[in-house]
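Working notes, structure below.
Letters go in sequence order (proteins before strands), and every chain restarts at 1. What's counted below: heavy atoms across the whole structure, side chains too, no hydrogens, waters or symmetry copies.
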Amino acid sequence: MIRIYDTMKKKKVDLETVEKKKVGIYLCGPTVYDYGHLGHGRSAVCFDLLRRYLSYRGYEVTFVRNWTDIDDKTIERAKAEHTTVQELTERFIRIYEEDFEKLGILEPDEAPKPTEHIPGIVSFIERLFEREHAYLLEDGVYYDISTFDDYGKLSGQRLEDLKQGVRVDVAEGKRNPGDFALWKFEKPGEPSWPSPWGNGRPGWHIECSVMSGRYLKEEFDIHCGGQDLIFPHHEDEIAQSRGAGYRFARYWMHNGFLNIDNEKMSKSLGNFFTLRQAFELFSPKAVRFFLISSHYRAPLNFSEETLRQAEAALQRFNDFIGRVAEAKQGERGGTAETIDAGIRRAREGFTEGLDDDLNVSKALAALSDFVRDVNVLMEKGELGSESAGLVIEFMKEIDKVLGVFSFEKKKLDGEIEKLIEERIFARRKKEFARADAIRDRLLKMGIVLEDTKDGTRWKRA
RNA sequence: GGCGGCAUAGCCAAGCGGUAAGGCGACGGUCUGCAAAACCGUUAUACGUCGGUUCGAGUCCGACUGCCGCCUCCA
């Protein structure tokens, strides 16, 4: 049984999907007006892990992640850059897609944008009018949160408390300070679409209610996003969708923040590292491993040190895979039975960990034990090629979920190959000074050599 | 002010009432021409502090302290 932490219930619950062995997931994606930073990467990676894991466990997954392409930010930025909102958002969507691909994030089944769902948004608001949740003001259409009994349930906010917390100027005539815009009337120079109430654009929250309903079922399984979206965004989505008479999401999952110096990484604090900056310092797979290797709900502190640790830990797995791959090529016999039990145990530990609300630490501990055991076998020369093949298959199986390992070794270019051979020759003649010089030279070229009893092995630094 | 989260070794981190997983780093060892990798060993009488419950508590309860987040756009 897979257990997940449900923000609504504030505890771990058994995952019971609407339809057996099928799961519909909606993830609130980024607003596309600027480069994505590691925090966006974390959210995307966390729920990519969820999606991959559920699919590994036999679920047929429908995964929807939106791009928010119309809001104050995109409008402002487009203005500042003297371009259109559409040009700007399309440009950044492409950038996000590239970055996400590097992070090993699988493409969503649907990646909807609110600007392409205006008719659906308009009819959704009409429905809210019919059900007397919406009202009209001078600058837009608003949702009356006092008409929805469960308002505040997700975030644990009470209506009365919210009144005190209000720090923004509220529009004239709002019935409750927490009422939010469903539709904002046109301002000069801003993109707008027609509606029964006047030209304008959708409010922020409405897009997710509409698009999740469009691409998933009326009641779907898991709604995900960053913790900062719990209030007001997700609270408001619930109010809209339930208000409109839909059952909406069964479970709510939220990822913790990526911190830098123990503070939330965010655009407004200006303390962010873009994904691209991170990729200049570390390989995308190392970044993914870093983002994955700590529990998704816990805060994760970014620093060069923590990234380096992740890189080293990943290196150990990749070195392992490289060595096993060589053993697979070898002639060594032996039965595969010996390794079967180990693989089974590792798989059990791995799934037991991830079943428990994606406890990656537990899963990786099982994998670490497995790696050590197989290393011991190899050390003793007891890993047959058939067994090695099974180990590789198992690591590939695991990697369908983790998406971090490297199985392909890129070919060496001729010059490097020649240097390696030259060094082997020098070592045979016991010309160690020359051999060491060549090794240093190769190291500077990014090639690390390891002399083993079976010969010299190379890998990339 | 309201709501919520977190505090475990040098660092990251699991643990969910039965006597401290795993990883990174460091040190010692085996192996090696030397390294590297791998393996073995060492690295928390102790889980923010103080009380309480219990035969027994990082693990439950209370108080306190310190961090962080949400309450406003935000993954």
The criterion is salt bridge (Lys or Arg N to Asp or Glu O under 4.0 Å); which residues satisfy it with A:Glu81, sequence neighbours excluded?
A:Arg91

Distance-only donor-acceptor hits, side chain of residues 249-256 of chain A, under 3.5 Å, sequence neighbours excluded:
from: A:Arg250; atom 1: NE; to: A:Glu219; atom 2: OE2; distance (Å): 3.1
from: A:Arg250; atom 1: NH1; to: A:Glu16; atom 2: O; distance (Å): 2.5
from: A:Tyr251; atom 1: OH; to: A:Asp14; atom 2: O; distance (Å): 3.2
from: A:Tyr251; atom 1: OH; to: A:Glu16; atom 2: N; distance (Å): 2.9
from: A:Tyr251; atom 1: OH; to: A:Glu16; atom 2: O; distance (Å): 3.3
from: A:His254; atom 1: ND1; to: A:Thr7; atom 2: OG1; distance (Å): 2.7
from: A:His254; atom 1: NE2; to: A:His234; atom 2: ND1; distance (Å): 2.8
from: A:Asn255; atom 1: OD1; to: A:Ser43; atom 2: OG; distance (Å): 3.0
from: A:Asn255; atom 1: OD1; to: A:Gly226; atom 2: N; distance (Å): 3.3

Evaluation steps, salt bridge (Lys or Arg N to Asp or Glu O under 4.0 Å), between A:Lys113 and A:Asp69:
CA-CA 6 Å; A:Lys113 303 188 268 269; A:Asp69 67 348; 5.7 Å; no

Salt bridge (Lys or Arg N to Asp or Glu O under 4.0 Å) involving A:Asp71 - partner list, sequence neighbours excluded:
none

Hey, which of these two, A:Asn359 or A:Pro30, hits RNA chain B nearer its 5' end, going by closest nucleotide?
A:Asn359

Considering every strand and a 4.0 Å limit on heavy-atom distances, what is the contact class for A:His233: base, sugar-phosphate, or nothing?
nothing

Heavy atoms within less than 4.0 Å of RNA chain B: which residues of residues 451-458 of chain A have one? Give them sorted by number.
A:Asp451

Please list, pair by pair, any protein nitrogen or oxygen found under 3.5 Å from a nitrogen or oxygen in nucleotides 65-70 of chain B.
from: B:C70; atom 1: OP1; to: A:Lys264; atom 2: NZ; distance (Å): 2.7

Considering residues at least two apart in sequence or located in another chain, which fulfil the salt bridge (Lys or Arg N to Asp or Glu O under 4.0 Å) criterion with A:Lys459?
A:Asp319, A:Glu450

Using modelled atom types and a 3.5 Å cut-off, is there a donor and acceptor pairing between side-chain atoms of A:Arg42 and backbone atoms of A:Phe257?
yes

For A:Lys187, what residues pass the side-chain contact (heavy atoms from CB on, under 4.5 Å) criterion, not counting sequence neighbours?
A:Glu190

Return the residues of residues 89-113 of chain A meeting this criterion: a heavy atom under 4.0 Å from some atom of RNA chain B. Order them by number, or give none.
none

Atom-pair distance (CZ on A:Phe350; P on B:A14), nearest Å:
16 Å

As a test of reading the structure: which of B:C34, B:A14, B:G15 is closest to the side chain of A:Asp356, going by heavy atoms?
B:G15

Which nucleotide in the list B:A14, B:C39, B:C34 gets nearest to the side chain of A:Arg427?
B:C34

Name the nucleic acid region contacted by A:Met378, choosing base, sugar-phosphate or nothing; use a 4.0 angstrom heavy-atom cut-off, strictly under.
nothing

Mind listing the side-chain donor-acceptor pairs of residues 359-370 of chain A below 3.5 Å, one per line with the distance, residues two or more places apart or on another chain?
from: A:Asn359; atom 1: OD1; to: A:Ser361; atom 2: N; distance (Å): 3.4
from: A:Asn359; atom 1: OD1; to: A:Lys362; atom 2: N; distance (Å): 3.1
from: A:Lys362; atom 1: NZ; to: A:Asp356; atom 2: OD2; distance (Å): 3.2

Calculate the interatomic distance between A:Arg423 atom CZ and B:A35 atom P; express it in whole Å.
13 Å

Please report the distance, rounded to the nearest Å, between CG in A:Leu442 and P in B:C34.
21 Å

So, A:His117 versus A:Tyr215: side-chain donor-acceptor pair below 3.5 Å or not?
yes

How about A:Glu311 and A:Gln315: does a side-chain donor come under 3.5 Å of a side-chain acceptor?
no

When all nucleic acid strands are considered with a 4.0 Å heavy-atom cut-off, which category describes A:Gly39: base, sugar-phosphate, or nothing?
base

When all nucleic acid strands are considered with a 4.0 Å heavy-atom cut-off, which category describes A:Ser155: base, sugar-phosphate, or nothing?
sugar-phosphate

According to ring pair (Phe, Tyr, Trp, His ring centres under 6.0 Å), does anything in residues 426-461 of chain A pair up with another residue at least two apart or in another chain? List the pairs.
none

Expressed as a whole number of angstroms, how long is the span from A:Leu449:CG to B:A38:P?
16 Å

Using a cut-off of strictly less than 4.0 Å, decide whether A:Asn255 has a side-chain nitrogen or oxygen near OP1 or OP2 of B:A75.
no

Nearest-nucleotide wise, let me know which of A:Asn375 and A:Asn301 is further upstream toward the 5' end of RNA chain B.
A:Asn301

With sugar-phosphate meaning primed atoms plus P, OP1 and OP2, does A:Leu367 contact a base, only sugar-phosphate, or nothing at under 4.0 Å between heavy atoms?
nothing

Look at all strands and tell whether A:Arg434 reaches a base, only sugar-phosphate, or nothing, counting heavy atoms closer than 4.0 Å.
nothing

Relative to the ring of A:Phe220, is the ring of A:His223 parallel (under 30°), tilted (30 to 60°) or perpendicular (over 60°)?
tilted

The side chain of A:Asp71 is closest to which nucleotide in this list: B:C73, B:A75, B:C34?
B:C73

Which nucleotide, in any strand shown, forms a Watson-Crick or G-U wobble pair with B:C55, with both distances under 3.5 Å?
B:G18

Please work out if A:Gly36 contacts a base, only the sugar-phosphate, or nothing of the nucleic acid, heavy-atom cut-off 4.0 Å.
nothing

Ring centroid separation for A:Tyr26 and A:Phe63, is it under 6.0 angstrom?
no

Rounded to whole angstrom units, what separation is found between the CG atom of A:Leu354 and the P atom of B:A14?
13 Å

Which part of the nucleic acid does A:Thr31 contact within heavy-atom distance under 4.0 Å: base, sugar-phosphate only, or nothing?
sugar-phosphate

Across all strands, who's sitting opposite B:C70 as a Watson-Crick or G-U wobble pair, both distances under 3.5 Å?
B:G2

Name the atoms and distances for all side-chain donor-acceptor pairs under 3.5 Å in residues 284-293 of chain A, with sequence neighbours left out.
from: A:Lys285; atom 1: NZ; to: A:Phe405; atom 2: O; distance (Å): 3.1
from: A:Arg288; atom 1: NE; to: A:Leu402; atom 2: O; distance (Å): 2.7
from: A:Arg288; atom 1: NE; to: A:Gly403; atom 2: O; distance (Å): 3.3
from: A:Arg288; atom 1: NH1; to: A:Asp48; atom 2: OD2; distance (Å): 3.0
from: A:Arg288; atom 1: NH1; to: A:Leu103; atom 2: O; distance (Å): 2.9
from: A:Arg288; atom 1: NH1; to: A:Gly104; atom 2: O; distance (Å): 3.1
from: A:Arg288; atom 1: NH2; to: A:Asp48; atom 2: OD2; distance (Å): 2.9
from: A:Arg288; atom 1: NH2; to: A:Leu402; atom 2: O; distance (Å): 3.0
from: A:Ser293; atom 1: OG; to: A:Phe289; atom 2: O; distance (Å): 2.9
from: A:Ser293; atom 1: OG; to: A:Phe290; atom 2: O; distance (Å): 3.3

The Watson-Crick or G-U wobble partner of B:C64, with both key distances under 3.5 Å, is B:G48

When you compare the side chains of A:Arg52 and A:Tyr56, does any donor N or O come within less than 3.5 Å of an acceptor on the partner?
no

Tell me if the side-chain of A:Arg439 makes a donor-acceptor pair with the base of B:A35, cut-off 3.5 Å, by modelled atom types.
yes

Does B:C27 have a Watson-Crick or wobble partner in any strand here, with both distances under 3.5 angstrom, and which is it?
B:G41

Specify the glycosidic conformation (syn or anti) of B:G58, with syn defined as within 90° of 0.
syn

Output the rounded distance in Å from CG (A:Asp34) to C1' (B:C73).
14 Å

For atom CG of A:Asp373 and atom C1' of B:C40, their distance in whole Å:
14 Å

Which nucleotides of nucleotides 18-25 of chain B have their base under 4.0 Å from a protein heavy atom (B), which only their sugar-phosphate (S), and which neither (-), written as one string 5' to 3'?
---BSBB-

Send over the distance from A:His234 NE2 to B:C71 P, rounded to a whole Å.
13 Å

I'd like to know whether the aromatic ring centres of A:Tyr142 and A:Phe180 sit less than 6.0 Å apart in this structure.
no

Which whole number of Å gives the distance between the P atom of B:U45 and that of B:U53?
27 Å

